[in-house]
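Notes follow once the structure below has been shown.
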Amino acid sequence: MPVLPPETLHEWNLSPAEAVALQSRLASRVVLEDRFAPVRRVAGVDIGFEDDGATTRAAIVVLDWQAGGPPFEVVEQVVYREPTRMPYIPGLLSFRETPAALGAFARLETRPELVMVDGQGIAHPRRLGVASLLGLWLDLPAIGVAKSRLCGRHDEVGDTRGEQTPLVHKGEVIGTVLRSRTRVKPLYVSPGHRVSQAAALEWTLRFLHRTKLPEPTRLADRLASRRDASGRR
DNA sequence: GCGACAG
DNA sequence: ATCTTGTCGC
């Protein structure tokens with residue numbers, strides 16, 4: 001799908017302090033209301049690192065929601081790698097991950113109506129996790145589904161599948177802590193962009209099958225870790 | 001000042 | 001994140 005040149009993001013070439021300031025500015029543009037086109041194709045995104053961090057790898061799996069499931073029909077999938085440009089700094093992970101994710105989207109033929117990302121949405125100190133930055137950049141509805149907490153506090157979640165409790169940071173509800181599987185570490189679900197808090201949770205629940213992760217993210221995760229992941233399929 | 005800290 | 005085999009559960 002057509003995407004602004006990822007290079008633009010690299011060219012920001014920001015110091016940590018500048019990146020922090022930019023996050024705050026961009027966060028003001030995040031939309032927390034449902035602004036969807038009818039959802040048919042949903043993209044699951046997973047970004048990870050190889051070679052001790054030297055390489056960034058982004059995997060995308062596009063599912064057809066209207067075709068029914070589970071199992072959901074896989075419409076397209078892409079794995080894309082490029083040299084890592086920035087170190088890992090808590091709170092600035094999105095700058096490290098997003099360039100590769102944009103490279104992967106640029107190589108995707110399908111334009112999804114919804115994006116689900118492995119990482120935080122607004123459940124971030126400055127309300128701009130990877131899912132928000134990616135959603136803004138692509139101008140698509142995006143949801144963050146993280147496997148652990150970055151910031152905020154919450155009550156203990158019941159240990160049974162389906163139980164949930166709000167994630168609160170500085171008096172704001174920034175997400176939902178969701179027990180996706182009984183006796184398994186909970187997920188941290190938050191809106192990325194163009195999605196309400198309620199819809200972010202609803203879509204996540206809709207894609208939850210028997211596993212800890214919702215299907216889009218789970219399949220992207222799995223695709224990323226395949227030995228023969230040579231690109232497309 | 002002391003911890004915490006997405007992937 | 002990643003390094004890794006077996007093992008338990010659906």
Side-chain angles (χ1 to χ4, degrees), chain A residues 9 16-17 19-20 23 26-27 30 44-60 70-71 79-104 115-137 142-154 159-162 167-170 174-193 200 204 208-218 220-227 229:
Chain A
L9 196 61
V20 165
Q23 284 183 324
L26 291 176
V30 167
V45 182
D46 175 72
I47 304 140
F49 302 89
E50 299 174 347
D51 314 326
D52 208 20
T55 302
T56 306
R57 173 216 343 100
I60 303 178
V79 178
Y80 170 71
R81 294 176 170 83
E82 63 171 44
T84 304
R85 295 170 168 69
M86 320 206 183
Y88 171 68
I89 302 172
L92 297 180
L93 177 64
S94 55
F95 290 99
R96 181 169 157 91
E97 292 190 330
T98 301
L102 293 175
V115 178
M116 197 171 276
V117 187
D118 187 326
Q120 314 289 351
I122 63 166
H124 176 280
R126 292 168 294 281
R127 309 293 181 262
L128 198 85
V130 219
S132 297
L133 182 60
L134 206 49
L136 271 176
W137 202 270
I143 297 170
V145 181
K147 301 184 294 298
S148 62
R149 184 190 64 91
L150 172 59
C151 70
R153 307 187 346 133
H154 63 87
D159 74 342
T160 305
R161 175 188 154 95
L167 178 64
V168 180
H169 181 62
K170 294 186 172 176
I174 57 174
T176 304
V177 187
L178 171 67
R179 188 76 70 179
S180 57
R181 285 203 76 180
T182 300
R183 280 181 285 280
V184 168
K185 276 185 37 172
L187 298 179
Y188 292 77
V189 179
S190 61
H193 181 49
T204 301
L208 227 33
H209 192 26
R210 295 166 158 172
T211 50
K212 165 179 177 170
L213 298 177
E215 289 302 276
T217 298
R218 184 183 73 84
D221 242 6
R222 203 186 54 158
L223 172 65
S225 61
R226 292 193 59 171
R227 281 233 348 144

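Chain letters run A, B, ... following the sequence lines, proteins first and then strands; every chain starts at 1.
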- prompt: What integer distance in Å separates A/Leu178:CG from B/dA6:P?
  reply: 19 Å
field: Rounded distance in Å - CG (A/Leu167) to P (B/dC5)
entry: 12 Å
field: Shortest side-chain distance from A/Arg57, nucleotide among C/dT2, B/dA6, B/dG7
entry: C/dT2
- prompt: Can any side-chain N or O of A/Arg85 pair as donor or acceptor with the backbone N or O of A/Pro83 at less than 3.5 Å?
  reply: yes
message: Is there a side-chain contact between A/Leu92 and A/Gln23 in this structure, where contact means two heavy atoms from C-beta onward sitting under 4.5 Å apart?
response: yes
- request: Quick one: do A/Arg218 and A/Asp46 satisfy salt bridge (charged side-chain N to carboxylate O under 4.0 Å, His left out)? Show the steps, please.
  value: CA-CA 9 Å; A/Arg218 184 183 73 84; A/Asp46 175 72; over 6 Å; no
Flag side-chain contact, heavy atom, 4.5 Å: A/Arg127 against A/His169: yes
statement: Of the listed B/dC5, B/dG7, B/dA6, the closest approach to the A/Pro90 side chain comes from B/dC5
statement: Read 5' to 3' with Watson-Crick or G-U pairs under 3.5 Å, [ ] for crossing pairs and | for partners on another strand, DNA chain C gives ..........
- request: Determine the sole option in A/Thr55, A/Thr56, A/Asp51 for which the side-chain hydrogen bond (donor to acceptor under 3.5 Å, both in side chains) test with A/Thr84 is passed.
  value: A/Thr56
- prompt: Is A/Ser148 near enough to B/dG7 that one of its side-chain N or O atoms lies under 4.0 angstrom from OP1 or OP2?
  reply: yes
- prompt: Nearest-Å distance, CG (A/Asp46) to P (B/dA6)?
  reply: 15 Å
- prompt: Is the closest side-chain heavy-atom distance between A/Val145 and A/Pro216 below 4.5 Å?
  reply: no
- request: Check every strand shown and say whether A/Leu187 touches a base, only sugar-phosphate, or nothing at a heavy-atom separation below 4.0 Å.
  value: nothing
task: Measure the shortest side-chain to side-chain distance between A/Pro186 and A/Leu178 over non-hydrogen atoms and say whether it is less than 4.5 angstrom.
output: no
task: Verify the contact: side-chain N or O of A/Arg149 to OP1 or OP2 of B/dA4, cut-off strictly under 4.0 Å; return yes or no.
output: no
query: Checking A/Arg96 side chain against A/Met86 main chain: does a donor-acceptor pair fall under 3.5 Å?
result: yes
Pair A/Lys147 + A/Asp118, salt bridge at N-O below 4.0 Å: yes
- request: Verify the contact: side-chain N or O of A/Tyr88 to OP1 or OP2 of B/dA6, cut-off strictly under 4.0 Å; return yes or no.
  value: yes
query: So what does the secondary structure string of DNA chain B come out as, 5' to 3', with Watson-Crick or wobble pairs under 3.5 angstrom, [ ] for crossing and | for pairs with another strand?
result: .......
query: A/Leu167 versus A/Ser190: any side-chain heavy-atom pair under 4.5 Å?
result: no
- prompt: Are A/Arg153 and A/Val168 close enough that some pair of their side-chain heavy atoms sits under 4.5 Å apart?
  reply: no
message: Please classify the nucleic acid contact of A/Glu97 as base, sugar-phosphate, or nothing, using heavy-atom distances under 4.0 Å.
response: sugar-phosphate
- request: Using atom CG of A/Leu92 as one end and atom C1' of B/dA4 as the other, report the distance to the nearest whole Å.
  value: 15 Å
query: Checking all strands, does A/Arg96 fall into the base, sugar-phosphate, or nothing category for heavy-atom contacts under 4.0 angstrom?
result: base
- request: Please report, rounded to the nearest Å, how far the P atom of B/dA6 is from the CD1 atom of A/Ile122.
  value: 18 Å
message: Quick check: do A/Ser132 and A/His124 have side-chain heavy atoms less than 4.5 Å from each other?
response: no
task: Quick one: label A/Asp118 by what it contacts on the DNA or RNA (base, sugar-phosphate, nothing), any heavy atom closer than 4.0 Å.
output: sugar-phosphate
query: Mind checking whether A/Ser180 and A/Leu213 have side chains closer than 4.5 Å, heavy atoms only?
result: no
message: Counting the atoms with a prime plus P, OP1 and OP2 as sugar-phosphate, which does A/Gly91 contact under 4.0 Å by heavy atoms, base, sugar-phosphate, or nothing?
response: base
- line: Counting primed atoms, P, OP1 and OP2 as sugar-phosphate and everything else as base, the B/S/- map of nucleotides 5-10 of chain C against protein heavy atoms under 4.0 Å is -----S
- request: Using whole Å, report how far CZ of A/Arg81 lies from C1' of B/dG7.
  value: 16 Å
query: What does A/Ile47 touch in the nucleic acid at a heavy-atom separation under 4.0 angstrom: a base, only the sugar-phosphate, or nothing?
result: sugar-phosphate
- prompt: Roughly, in whole Å, what's the span from CG in A/Asp51 to P in C/dC3?
  reply: 9 Å
task: State whether A/Lys147 places a side-chain N or O below 4.0 Å from either non-bridging phosphate oxygen (OP1 or OP2) of B/dA6.
output: no
field: A/Leu93 CG - B/dA6 P separation (whole Å)
entry: 8 Å
